A.B. asks: 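Here it is, the structure in full.
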Protein chains: 2
Amino acid sequence: MLAENAVTTSDKTFLALRGDIVDGAISAGSKLNESELSAKYQVSRAIIRESINRLEAANLVERKANIGAKVVTLTHQGLIQLYQVRESLEGMAARLAATNMSDNEITRLNQLLNTHAEDVMGPQSYYQEAGDVDFHYRIVLGSHNQHLISMLMHNIYHLVRMYRVQLGMAGPRVTTAFYEHQHIVQAISNRDPELAEMLMRRHITYSMKNIENKLRNLQ
Amino acid sequence: MLAENAVTTSDKTFLALRGDIVDGAISAGSKLNESELSAKYQVSRAIIRESINRLEAANLVERKANIGAKVVTLTHQGLIQLYQVRESLEGMAARLAATNMSDNEITRLNQLLNTHAEDVMGPQSYYQEAGDVDFHYRIVLGSHNQHLISMLMHNIYHLVRMYRVQLGMAGPRVTTAFYEHQHIVQAISNRDPELAEMLMRRHITYSMKNIENKLRNLQ
DNA sequence: TGGGGGTATATTGTCGACAATTAAAAGCGT
DNA sequence: ACGCTTTTAATTGTCGACAATATACCCCCA
């Protein structure tokens, strides 16, 4: 599951900070004071600075020379642009997965889908968040493309999660999304790259339209 | 031209290091010794470390905790994976450009193309590198998508250039590529997103196949 | 002579202090 | 009282030193 083993204190601090930003414990748009954070997380300013640099690379923070760093603000336009990139990259991931996933990987992907099927049919569907994430991760990894994997895992998904968490995304679309997942897996199982890409792109587009409705209030 | 104004010494050092890596002055695969670089560039180790972190984010360097950083190695597979990402992102950029570029921007894009036409028809075609880069930049910026722009400019293009420089890419395909550019601009001028994306993806695929031949020697 | 353990060296990780820059406050004149 | 200049405070940028980890070397032993 790609264990992000944090060996150094810088790693741990980065993960802690990232978690607090994604969860909203450090609110969107707020300024990051290095000395303050240094005291809060009990590490030197050098560590904080390194973490902030990594957060900037992860698109969670914006930095200006001699002025400082701010947590990104969540906007309607920002969400749209983020999902356009997702559509592009995950579409390609699905395309490559159809060619590059091993038979074994595909078997396990189908098993994952069956697990989700039970959840969807069951009483309460705790599917959405965790299940959806699992599914997308599996396909991205199945692309066997290091750049693609790295970009999505490090530069995109945490920001996506930040939108989801802070805008309270857990809504309907559970069963609908499930069937879309099913069709994507079918295309991959059939080793049909073109179709897999197209279905994934549509799936992400729909998903965006769904979220978009929930934040007409954001400018 | 997106002036990367480097205000701080850290910025300057980063740019210097990046240039040396892309150009091969610091050879691919070699280890980066922090103290050594600190002496070479006349700055503290803190600056070097920050620069190395940024280079890692730019996919030009790989870092391991407590062990150190190495310049990436150029491989056949690495090139393919890089171009797959390019195809994905620039395809989307072309699609968005067809919708989002202003009439003014499109006019200037056509002018750029005319300039290149003269070069291609002229005696020596110094077109390839600079011209190609200009063209692609213009379209990426035309997408008006900040994530897309940032990813390509900071995380992809410098590595692409590193492959080009170090594998001595300047070859034929000058006029061929020009006509492909022409068709892409036509699609954008016609406000046809679907076609613009398709043509850009093909253009990049062809370009990769062309480069691929030149490095059968790389494993 | 070859291998394992332990010491020495080199390299990276972390820290606190100083310098440079920016933002805020005070002082001044009109 | 208002606007401009000067001074002060706060924050970021840079540095050299110390700590922790990994690598290289040497010695000892079978």
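Chain A is the first sequence line, chain B the second, and so forth, proteins listed ahead of strands; every chain is numbered from 1. Keep in mind that what you see is a predicted model, and the values were worked out from it rather than measured.
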A.B. asks: May I ask you to say whether B/Glu50 pairs ionically with A/Arg49, meaning some side-chain N is under 4.0 Å from a carboxylate O?
C.D. replies: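 A salt bridge is present here (some side-chain N lies under 4.0 Å from a carboxylate O).
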
A.B. asks: Could you state the NZ-P distance from A/Lys70 to D/dT11, rounded to the nearest angstrom?
C.D. replies: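 Distance, rounded to whole Å: 14 Å.
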
A.B. asks: Determine, for nucleotides 6-22 of chain C in 5'-to-3' order, which nucleotides have protein heavy atoms under 4.0 Å from the base (write B), from only the sugar-phosphate (write S), or from neither (write -).
C.D. replies: -----SBBBB-----SS

A.B. asks: Closest heavy-atom contact between A/Ser44 and A/Ser38?
C.D. replies: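 Taking every non-hydrogen atom into account, C-OG, 3.8 Å.
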
A.B. asks: Is A/Glu90 salt-bridged to A/Arg202, cutoff N-O under 4.0 Å?
C.D. replies: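 Between A/Arg202 and A/Glu90 there is no salt bridge, as every charged N stays at least 4.0 Å from the carboxylate O atoms.
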
A.B. asks: Using a 6.0 Å distance limit plus a 45 degree cone around the ring axis, check whether B/Arg86 lies over the aromatic ring of B/Tyr83.
C.D. replies: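 Verdict for B/Tyr83: a cation-pi partner in B/Arg86.
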
A.B. asks: What's the spacing between B/Tyr41 OH and B/Thr9 OG1 if we round to 0.5 Å?
C.D. replies: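 Spacing of OH (B/Tyr41) from OG1 (B/Thr9) equals 14.0 Å.
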
